[in-house]
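Protein chains get the first letters and strands the later ones, always in sequence-line order, with residue 1 at the start of each.
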There are 2 protein chains.
Amino acid sequence: MGSSMEELYRYFDQFYLLNQASRDALEKTCSEILILKNELLQPFGHTCKTIYYIKSGIARIFYYKDGRDITEYFAFENKIVARVESLFPGQPSKKAIQMLEDSHLIAIHVPGLYQLYDTFPQIERLFRLIFEAGYVETVNRMESLQFHTAEERYLDLLKKPNIIQRIPLKHIAYYLGITQVSLSRIRSALK
Amino acid sequence: MGSSMEELYRYFDQFYLLNQASRDALEKTCSEILILKNELLQPFGHTCKTIYYIKSGIARIFYYKDGRDITEYFAFENKIVARVESLFPGQPSKKAIQMLEDSHLIAIHVPGLYQLYDTFPQIERLFRLIFEAGYVETVNRMESLQFHTAEERYLDLLKKPNIIQRIPLKHIAYYLGITQVSLSRIRSALK
DNA sequence: GACTTCCTTTTACATTTGTTAAATAGTCAC
DNA sequence: GTGACTATTTAACAAATGTAAAAGGAAGTC
């Protein structure tokens with residue numbers, strides 16, 4: 001596990017520099033996962049107890065509403081993915097996580113992580129800062145859903161590399177809060 | 001300040017029970033504020049450095065888009081309000097906080113709070129848990145903006161006490177992501 | 001009470017988005 | 001390559017929402 005953690009530590013360093021004791025303790029809660037395209041990383045109805053770091057691949061969080069497959073979130077390599085609305089309150093999630101490419105992940109076991117919080121305040125701080133950043137991202141996304149047009153949201157998404165090239169448009173449409181037909185109209189109007 | 005903190009501690013107790021040393025330290029970062037209806041608690045363009053607990057009254061976070069006054073968030077008595085997208089990254093906010101009633105607040109000075117995090121891990125944990133709950137609330141709100149109809153969102157809002165009675169419909173409309181005219185149509189269709 | 005101001009609803013029309021179905025394009029397995 | 005399957009676009013119509021302007025209501029001041 002040692003060397004494969006290096007990439008994860010570089011990710012953590014962006015938020016907070018852990019001392020060696022904290023790193024060693026944290027490593028014990030981590031394990032590696034290889035998972036194929038289209039497979040579910042986490043099923044529906046499951047209470048989320050894992051935080052995943054994506055070494056390679058793409059994850060999406062999705063759920064069904066009125067029989068329709070709605071994508072709530074995409075996560076790419078070098079990012080964290082977790083269903084916080086299940087993880088934090090300890091409630092079952094009505095959402096699942098699926099991989100959109102063959103992926104290489106590091107799983108962080110959260111009950112083990114929470115035990116470390118008491119002994120290693122640095123670890124608690126690290127994850128506080130990581131989730132604070134996720135909170136800010138969600139507030140900004142909410143603002144764009146609340147008062148930007150679908151076309152504005154699509155143009156914002158185009159600015160981010162990889163998204164359009166690597167994710168089917170049907171998922172992108174629902175992520176933007178519109179149907180696939182409506183996204184197709186927006187795209188053809190832009191040509 | 002002593003007795004007026006009791007209510008705040010009862011709020012904190014819902015998230016985490018602080019020991020007495022932490023309480024005493026925390027109290028030094030707090031001050032009381034009385035503010036009148038319609039006044040701005042925090043101006044536009046200001047980097048948020050304060051978390052407010054609302055003893056009485058209503059706050060709204062809002063901003064202007066294309067000259068229109070958009071309400072992003074409401075907070076009632078016995079709740080916390082802060083512009084996290086400014087507080088966490090330390091960036092100026094394009095949003096302001098306004099009180100919708102004469103209000104009684106407790107202001108928590110965040111630079112002072114952050115200093116306490118190193119000495120009192122219990123305080124860091126308390127605020128981690130408070131903001132985790134806020135994160136979950138925001139994820140759920142985002143989901144409702146992404147894929148519920150405006151009518152569904154309005155009916156959800158009706159279930160919460162106080163909102164409709166105490167807040168002008170023009171603010172509620174934009175909070176729901178629609179215009180006041182559209183909200184008025186939805187309301188009359190429900191009669 | 002009359003006046004002003006602000007809040008809310010209503011009306012008419014334009015625009016956007018949804019729905020359903022069909023057509024086209026692309027991908028994968030064999 | 002062929003066939004099966006999936007993804008994307010297009011078309012036609014329905015429903016929802018936006019825009020602008022006017023009309024009612026409600027609340028506060030004098």
Side-chain angles (χ1 to χ4, degrees), chain A residues 36-40 58 60 62-71 74 98-102 142-158 162-191, chain B residues 36-40 58 60 62-71 74 98-102 142-158 162-191:
Chain A
L36 296 178
K37 178 173 176 170
N38 292 329
E39 287 190 355
L40 286 190
I58 306 178
R60 73 176 182 116
F62 72 109
Y63 62 99
Y64 288 100
K65 176 173 196 273
D66 303 335
R68 242 186 298 234
D69 173 326
I70 309 289
T71 294
F74 298 115
Q98 182 189 42
M99 305 315 297
L100 296 180
E101 297 178 353
D102 295 351
M142 192 183 71
E143 182 195 316
S144 94
L145 282 168
Q146 191 183 1
F147 254 89
H148 293 169
T149 65
E151 181 173 322
E152 286 172 314
R153 296 200 296 278
Y154 175 70
L155 291 172
D156 280 347
L157 207 62
L158 280 183
N162 284 324
I163 298 222
I164 299 298
Q165 293 74 19
R166 291 167 66 187
I167 298 177
L169 289 170
K170 62 176 178 178
H171 294 327
I172 291 175
Y174 286 104
Y175 174 81
L176 293 174
I178 56 178
T179 60
Q180 189 179 3
V181 173
S182 191
L183 176 58
S184 202
R185 270 191 292 241
I186 289 168
R187 282 163 56 83
S188 72
L190 289 173
K191 278 172 195 162
Chain B
L36 296 178
K37 178 173 175 170
N38 292 330
E39 288 189 355
L40 287 190
I58 307 179
R60 73 175 182 118
F62 72 109
Y63 62 99
Y64 288 99
K65 178 177 194 273
D66 302 335
R68 243 186 298 234
D69 173 325
I70 310 289
T71 295
F74 297 115
Q98 181 189 41
M99 306 314 297
L100 295 180
E101 297 179 353
D102 294 352
M142 193 183 70
E143 182 194 317
S144 94
L145 282 168
Q146 190 184 1
F147 254 90
H148 293 169
T149 65
E151 182 173 322
E152 287 172 314
R153 297 199 296 275
Y154 176 69
L155 291 172
D156 281 348
L157 208 63
L158 280 183
N162 285 324
I163 298 223
I164 299 298
Q165 294 74 20
R166 291 168 66 189
I167 298 177
L169 289 170
K170 62 176 178 177
H171 294 327
I172 290 176
Y174 286 104
Y175 174 80
L176 293 172
I178 55 179
T179 61
Q180 189 178 3
V181 173
S182 191
L183 176 58
S184 201
R185 271 192 292 243
I186 288 167
R187 283 163 56 83
S188 72
L190 290 173
K191 278 174 195 160

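- Counting only distance, with no hydrogens or angles, the side chain of Gln98(A) and the backbone of Asn38(A) share a donor-acceptor pair below 3.5 Å.
- The list of salt bridge (charged side-chain N to carboxylate O under 4.0 Å, His left out) pairs with a residue in residues 169-187 of chain B, not counting sequence neighbours, is empty.
- Five base pairs at each end of the helix from dG1(C)-dC30(D) to dC30(C)-dG1(D) define two local axes, and these are offset by 40° (rounded to 10°).
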If the sugar-phosphate is the primed atoms plus P, OP1 and OP2 and the base is the rest, what is the B/S/- string for nucleotides 8-18 of chain C, using protein heavy atoms under 4.0 Å?
BBBBB----BB
Pull out every protein N or O sitting under 3.5 Å from an N or O of nucleotides 25-30 of chain C, one pair per line with the distance.
none

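- Partners of Ser184(A) by side chain to side chain contact (heavy atoms under 4.5 Å, CB included), not counting sequence neighbours: none found.
- Partners of Arg166(A) by salt bridge (charged side-chain N to carboxylate O under 4.0 Å, His left out), not counting sequence neighbours, listed by chain and number: Glu77(A), Glu101(A).
- Counting all heavy atoms, side chain and backbone alike, Ile167(A) lies closest to Ile58(A) at CG1-CD1, 4.1 Å.
- Partners of Lys37(A) by side chain to side chain contact (heavy atoms under 4.5 Å, CB included), not counting sequence neighbours, listed by chain and number: Asp102(A).
- Scored by the ring pair (Phe, Tyr, Trp, His ring centres under 6.0 Å) test, Tyr63(A) finds no partners at all (sequence neighbours excluded).
- For the side chain to side chain contact (heavy atoms under 4.5 Å, CB included) test, residues two or more places apart in sequence or in another chain that qualify with Glu151(B) are Thr149(B), Leu155(B), Ile186(B), Leu190(B).
- The distance from atom CD of Gln165(B) to atom P of dC7(C) is 18 Å, rounded to the nearest whole Å.
- Of the charged side-chain nitrogens involved, none lies within less than 4.0 Å of a carboxylate oxygen, so that Lys65(A) and Glu143(B) do not count as a salt-bridged pair.
- When all heavy atoms are compared, the tightest approach of Leu157(A) to Tyr175(A) is CD1-CE2, 3.7 Å.
- Taking Asp69(B) as the reference, Arg60(B), Phe62(B), Tyr64(B), Thr71(B), His171(B) meet the side chain to side chain contact (heavy atoms under 4.5 Å, CB included) condition, with sequence neighbours excluded.
- Taking every nucleotide of DNA chain D with any atom under 4.0 Å from a non-hydrogen atom of chain B, the first and last of them, 5' to 3', are dT17(D) to dA20(D).
- Contacts of Tyr154(A) classified as ring pair (Phe, Tyr, Trp, His ring centres under 6.0 Å), with partners at least two apart in sequence or in another chain: none.
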